[in-house]
Asker: 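Take a look at this one; I'll ask things after.
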Amino acid sequence: MSKYILAIETSCDETACAIVKDNNQILSNIVSSQINVHELYGGVVPEVASRIHIENISLVIEEALKEAKITIDDIDAIAVTQGPGLIGSLHVGIQAAKTIAWLYNKPIIPLHHIVGHIYANKFVDELEFPLLALVVSGGHTELIYMEKEYSFEVIGTTQDDAIGEAYDKVARVLGLGYPGGPKIDNLAKTGKENYTLPIPKVENPYDFSFSGLKSAVIQLINRLERRNEEIIKEDVAYSFQESALSQVLKITDKALNDYKPKHLVLAGGVAANSRLRELMQDMILKYPNIKLTIPPLWCCTDNAAMMAVAGSVAYDHKLFGDLYFSAQPSKPIS
Amino acid sequence: MLTLCMDTSHKYLSICLIKNDEIIASYSEECFKKQSEMIFVILDKLCKENDTNPLDIKRVVVSKGPGSYTGVRIAMSVAKVMATLNGVSLYTIDTLKLYSDNLENCAVIMDARSNRAYFGIYNKGETVLQPGVFNIDDVKKMILDNEIMGDLFLLDKEDKYPNIPNSFLKLKSYWEKVDNIHLLTPVYLKDAAAYMVKK
Ligand SMILES: [Zn+2]
């Protein structure tokens, strides 16, 4: 018998609902993006995000059901992002999910947002374990080791800023606007090695750090301004990106060596970065026994289809929530 | 017709089921910042105790604010999704009006932080002064000889709240039907756009 999961995701700035059949067939995937609004503010303003979620939540659910051409009765369980994320935003999605679950007496599955990003890779490939996931986004920079299905061990994390945060801040000082990632990625394509920036060092061999690099960029720009020298934005973007990504690459390389997984997957918003994709594809050539999966671009941004896939696996493990569970803005993955 | 009323816009979690103009089940407790954890526990309890299938609820009434931004969104999220999926009819009531308890000449004051308050005046449910955000000093001048409900601590008096389930029922003629469910959003009153209703 087929299994249908309806998932809701509202952890940050996308109001999303999706229905997925049998682990990876997307019947509908509705995302109402707030990006235009947050561009005006130069970043996500939590209260503004929550307000837009309550405006859109009922509509995205209705659309998801309509597009999937099924009724609530066909749904086996409701999955929802419990955290991490913005508390006010998470609340809206959780109440909506609980409403459906309570009204129609369906099981509810509270999920970790990053688990969704990792399982998004199931849309393109079968996951093989042990698996190493490199999670890179505006809120996360983590290496997660999965010995088997639905088991998560964080082996490395950032000691300060998330990589996406560093991209946003550097984009801001360069006057590129929000979100910074794609803008720096594009600009760096025409840049060259003209400025020297440090490659940060961290004690734990699998941990990351980006705040020193971010400060170095700010200092560089201040210095150039003081000397009335031209700031070649594409060269700054190039140097920043190379420095940030060579750190990511080096640490991932070490983890592959030490943990010897069968599968390496990328996850999160920065997995859309064209240079990171290129560098990873080059690096994996050294490891003929490790499969690399890069998620499709649409899965690098937040959506509910990826939460539905994660929910589908959690459903098989019967990881259901009760009526009490609430938003967990800093929910741990394990 | 079975009606569900919910208010999470202030520090209370208030829920009641109304049938034939009679409250058949109700709950109202101070539940500040715990409303999101408790709302379904209570909904489930009230329905089970009264042998009610949630799908039998045909009308939902929800307070729309002003009040706690996060709080008001909790019950409204539930209401909007119920109405969308189940064809339930959806109604709202202004939070300050709900707290006026259908009293004659009643001023309602609610903390809006930073020495400001949401404030409105009602006469048996009729709006005399549209709710707005005011400085506490201005509120003091506007109270006149009205009775006062709400966060009276702002005026160095003891807080006074109605029995919210009863108040929902008493103010039934002021429930406002929502025609387009998706367009319903809370009343935040972030900008102090208050004005007197001329009588
Ligand atoms: Zn995300």
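Residue numbers begin at 1 in each chain, while the letters A, B, ... track the order of the sequences.
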Asker: Does any backbone or side-chain atom of B:M38 lie under 4.5 Å from a heavy atom of chain A? Answer side chain, backbone, both or neither.
Answerer: side chain
Asker: Looking only at heavy atoms, which of residues 83-103 of chain B get nearer than 4.5 Å to chain A?
Answerer: B:T84, B:L85, B:N86
Asker: Are B:F40 and A:Y324, when compared by the centres of their aromatic rings, separated by less than 6.0 Å?
Answerer: no
Asker: Does atom NZ of B:K157 have more than 12 heavy-atom neighbours from other groups under 6.0 Å away?
Answerer: no
Asker: Ignoring hydrogens, what is the shortest heavy-atom contact between B:F168 and B:S63? Give both atom names and the distance.
Answerer: CZ-N, 4.4 Å
Asker: When only heavy atoms count and the cut-off is under 4.5 Å, which of residues 84-94 of chain A reach chain B?
Answerer: A:H91, A:V92
Asker: For B:T185, which atoms come within 4.5 Å of any heavy atom of chain A: side chain, backbone, both, or neither?
Answerer: side chain
Asker: Between chain B and each of A:I57, A:L59, A:I72, count heavy-atom pairs under 4.5 Å; write down the option with the most.
Answerer: A:L59
Asker: Using a strict 4.0 Å threshold on nitrogen-to-oxygen distance, state whether A:E47 and A:R51 make a salt bridge.
Answerer: yes
Asker: Can any side-chain N or O of A:S2 pair as donor or acceptor with the backbone N or O of A:D22 at less than 3.5 Å?
Answerer: no
Asker: Output the residues of residues 10-26 of chain B for which the shortest heavy-atom distance to chain A is under 4.5 Å, in residue-number order; output 'none' if no such residue exists.
Answerer: none
Asker: At a heavy-atom separation under 4.5 Å, does B:L43 approach chain A through its side chain, its backbone, both, or neither?
Answerer: both
Asker: What residues of residues 70-79 of chain B sit under 4.5 Å from chain A when only non-hydrogen atoms are counted?
Answerer: B:T70, B:R73, B:I74, B:M76, B:S77, B:V78
Asker: Nearest 0.5 Å please: distance from the NZ atom of B:K140 over to the CZ atom of B:F119.
Answerer: 12.0 Å
